[in-house]
Structures are given as C-alpha cells and as structure tokens.
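Written out below as structure tokens is the structure these notes cover.
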Amino acid sequence: MVSVMTLKPDGWNDRIRNSLDGRIPVYSSQLCRAVGVSQFIRDAGIDLVHSHFVGAEDLFFSDSRDIPDVAYVATLHGSYESICQTRRFILKMARHVSHWVYLTEKNLDHLKVLDATARDLVSSSTIPNAMPMDARPFGQTRGELGIDDGDFVFALVSRAFPAKGWEIAIRALEVAGDRAGRRLVLLLCGSGEEAERLSALYGDRPDVRFLGFQERIHGLYRLADCAVLPTRFPGESFPLTIIQALQVGRPVIATDIGEIARMVGRGDHAGGMVLPAAQDDETFVSVLADAMVAMEDPATHRRHGEAAAELGRHYSMDAVADAYIDCYEATIRRHAHRSLAELIA
C-alpha cells in the first residue's frame, strides 16, 4: 500500500498530479500538522516514510513533543546541500532518520557534523535514479519550430533559475554559432522567473526557442541533436534530464557536478562531454562554446551518440524499484529491532 504526501498543497501542477495512479491517496502536510504527526502516522497505518526533500524531515521531526516512531528513509537529491541547515537540526535528523539513500557521495556531507563513532552508526546506501521511457513524439516538429534539417539543435531541459546555466548556454551559442559549420539552435525547456527574464532579453532571436514547461521530454530530445546542462547548482546530484537524453541516444554536454561525470562517461564509453564548472562566467561561456563546436562535428556527434544510447540502457525503473523494495524491507526490520531493544532497555 502506497500513499503520497505533498508539502505544498497549493499551486498544483495538474499534469504532474495526473501522472500519479488515481488509486494512490494523496495527503496534505496541512492535514498532518492539524491532527499531529504521530497521530497521523497511526491513523493512516504507516509503516515507513520515504522522504525526498529536507522539508519532510522538518515536518516529521521538528516538534520535540510529537516525534513519530516510524521507519524513515530519506533519499538525498541535494536539498541538504542547497538549503542551509543548522548543526542542531542535522544532529536531530541523524537520530531519527533510519536510513539515508544518496545519489552521490557529496549528498552525505551534512553528516560530517557527527563525530566518528556516530558516523559509523549511520545506515546509508546508494541507489541511482532512473526514468520510465516515454514513446510519445514532441508536440511540435522541427519545421514547426523553424528548424531546418541541416541545423544542429541543442536542448536544455531544467528548472529555470540562474544556477542551471540558461543564460550561459545562450551566450555560448552565440560564440559557437560564429565558428560552427552550420546553424546552431538552442531549445530551452522549463518554467520560472529566469525563463521569463531571459525570454524578454533573447526571445526575438531565431536561434533560441523558449518552450516553457513540457511533458514529453524524451520526444524533445529525439527532436534535438544534443542535450546541454551547464549547471553550477550546488545541489546537483543525479539529473533526471541527463538520464532522459541518454535513454534516446542523445549525447550530453554538462558540468562536472555530483554524479554527472559518471553518468556521461562510463569506462571506455563517453556519452558526451563533461566540463569543469568554472565560476567565472566568461571562462564558462568560452569552454561551453568550444564543446558545442566540437559536438557539431558529425563524426564526434555520432561517436558520442552511440555511447549515449548504450549508457541509457542502464537506467531501468525495474532495477530501481527492486532496490527500494529491498531497502524498505531492511529498514523496517532494523527499526523494529531497535524499538524492541529500546523497550527492553
């Protein structure tokens, strides 16, 4: 039995909500707070909580008078790195989180506030991300987007905020376009204030397209030639957008943050180019432009694309689901044994 809780009950994205099986109940954090966290856990018959954001830990464990006794798995997607937390908060969470799942080693950096003995007692494991394949085509064709067959198309899919590198990509495209052997086009997919700001500045450029929020990301990557993610977001861990590009055999140009280097290059196979996350904007633009020009070369693009397709086959949802089921069962057993030991003590 599975249920879902939203920490933000207002401002639904209906398309995201509708992707959830209609038989799965959805709870609001407001209800949880209203009845009390421990009471909610008992009334709903919950054996294990699986969190994907630090805000869930704040909900379940911040009130010292009403902390639930429940097996608790926290998957670390980068929120602990990108949202400042106090040492006191981290110490408290370390006492109550049963098991930490991390995507990249730096996700565990917040636990460095623990002494060596306490860190040895922390239960953790790594489980990679995956994405289900979507066979639907994108909602527009290249022709409808004003893209010719001979153009080379980069696609940047992410939340739209400065650290994800949207403006860096636009500036790099301008530099690379002067050196490439054909027209380069950049498709920007996502929504937010940064998208609105940049659209006002660059929206009249024929080689830059602002697509807003889109559902059919696999279809967008099939339409494009290369994925680009010039991110310098501190919480970047295991980007789903890179998985989607690799799954349809599109090479990737991205920065060396989190697990990106391991995702894009595995063994002798390089499904794209990994760049240093230079903090100086001018340097970063120049390095990205060089990579764009290099990727436009047909032989280079073909070699990376073949490797990308092979890498993409590793991201199986079935494998991730099996790993989490094993994690849940082991965590529930450990929690039950710990609770019994505390009662005996």
Side-chain angles (χ1 to χ4, degrees), residues 4-8 27-30 32-33 36-41 46-129 159 161 163-164 231-240 256-260 262 277 279 323-324 327-328 330-339 341-342 345:
V4 170
M5 175 176 286
T6 172
L7 297 175
K8 186 178 179 183
Y27 295 108
S28 164
S29 60
Q30 291 178 336
C32 184
R33 290 190 178 95
V37 174
S38 293
Q39 189 64 46
F40 172 82
I41 293 292
I46 292 170
D47 298 300
L48 178 140
V49 175
H50 184 184
S51 155
H52 291 269
F53 183 66
V54 63
E57 282 84 87
D58 185 61
L59 169 66
F60 283 97
F61 302 129
S62 63
D63 186 351
S64 59
R65 299 164 300 174
D66 188 33
I67 292 180
D69 180 23
V70 65
Y72 195 99
V73 173
T75 293
L76 299 164
H77 297 274
S79 59
Y80 276 82
E81 295 133 270
S82 57
I83 300 175
C84 182
Q85 301 296 335
T86 65
R87 183 176 185 274
R88 182 179 179 184
F89 179 86
I90 300 299
L91 291 173
K92 190 173 187 177
M93 295 311 104
R95 289 198 300 272
H96 295 294
V97 173
S98 310
H99 187 81
W100 303 91
V101 176
Y102 60 95
L103 300 171
T104 182
E105 287 283 350
K106 72 182 181 69
N107 291 154
L108 296 174
D109 283 353
H110 64 287
L111 296 176
K112 290 179 179 179
V113 301
L114 306 177
D115 61 36
T117 301
R119 283 202 300 274
D120 288 342
L121 298 175
V122 168
S123 175
S124 66
S125 61
T126 181
I127 299 176
N129 278 337
R159 290 175 290 166
F161 56 89
K164 290 288 186 175
T231 176
R232 290 180 288 187
F233 176 50
E236 205 73 75
S237 298
F238 209 111
L240 299 178
D256 187 6
I257 298 179
E259 290 298 293
I260 289 176
R262 292 185 180 89
Q279 294 306 304
Y324 269 113
C327 174
Y328 294 160
T331 302
I332 289 172
R333 287 195 301 270
R334 281 197 308 271
H335 182 79
H337 292 159
R338 189 198 70 182
S339 298
E342 290 174 350

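Heavy-atom basis, side chains included; hydrogens, waters and symmetry copies ignored. Just so you know, residue 1 is the first one in the sequence shown, and it goes up from there.
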Donor-acceptor contact below 3.5 Å, side chain [X] vs main chain [Y]:
| X | Y | value |
| --- | --- | --- |
| Ser98 | Thr331 | no |
| Lys106 | Glu236 | yes |
| Arg232 | Ala277 | no |
| Lys164 | Phe233 | no |

TODO: I would like to know whether Ile260 and Thr231 meet side chain to side chain contact (heavy atoms under 4.5 Å, CB included); could you show each step before the answer?
DONE: CA-CA 10 Å; Ile260 289 176; Thr231 176; 4.1 Å; yes
Task: side-chain hydrogen bond (donor to acceptor under 3.5 Å, both in side chains), paired with Ser237, selected from Asn107, Asn129, Thr104 - done: Asn107
[X] [atom1] to [Y] [atom2] distance, which is reported to the nearest 0.5 Å:
| X | Y | atom1 | atom2 | result |
| --- | --- | --- | --- | --- |
| Cys32 | Tyr27 | SG | OH | 10.5 Å |
| His110 | Arg87 | NE2 | CZ | 13.5 Å |
| His335 | Leu48 | NE2 | CG | 9.0 Å |
| Met5 | His50 | CE | NE2 | 14.5 Å |
| Ile41 | Asp66 | CD1 | CG | 9.5 Å |

- [ ] Determine, stepwise, if the pair Arg95 / Ile67 fulfils side chain to side chain contact (heavy atoms under 4.5 Å, CB included).
- [x] CA-CA 11 Å; Arg95 289 198 300 272; Ile67 292 180; over 6 Å; no
- [ ] Taking the six-membered ring for Trp and the single ring otherwise, decide whether the centroids of His96 and Tyr72 are under 6.0 Å apart.
- [x] no
Open item on the list: Using the ring pair (Phe, Tyr, Trp, His ring centres under 6.0 Å) definition, which of the options Phe53, Tyr102, Trp100 pairs with Tyr80?
Closed with: Trp100
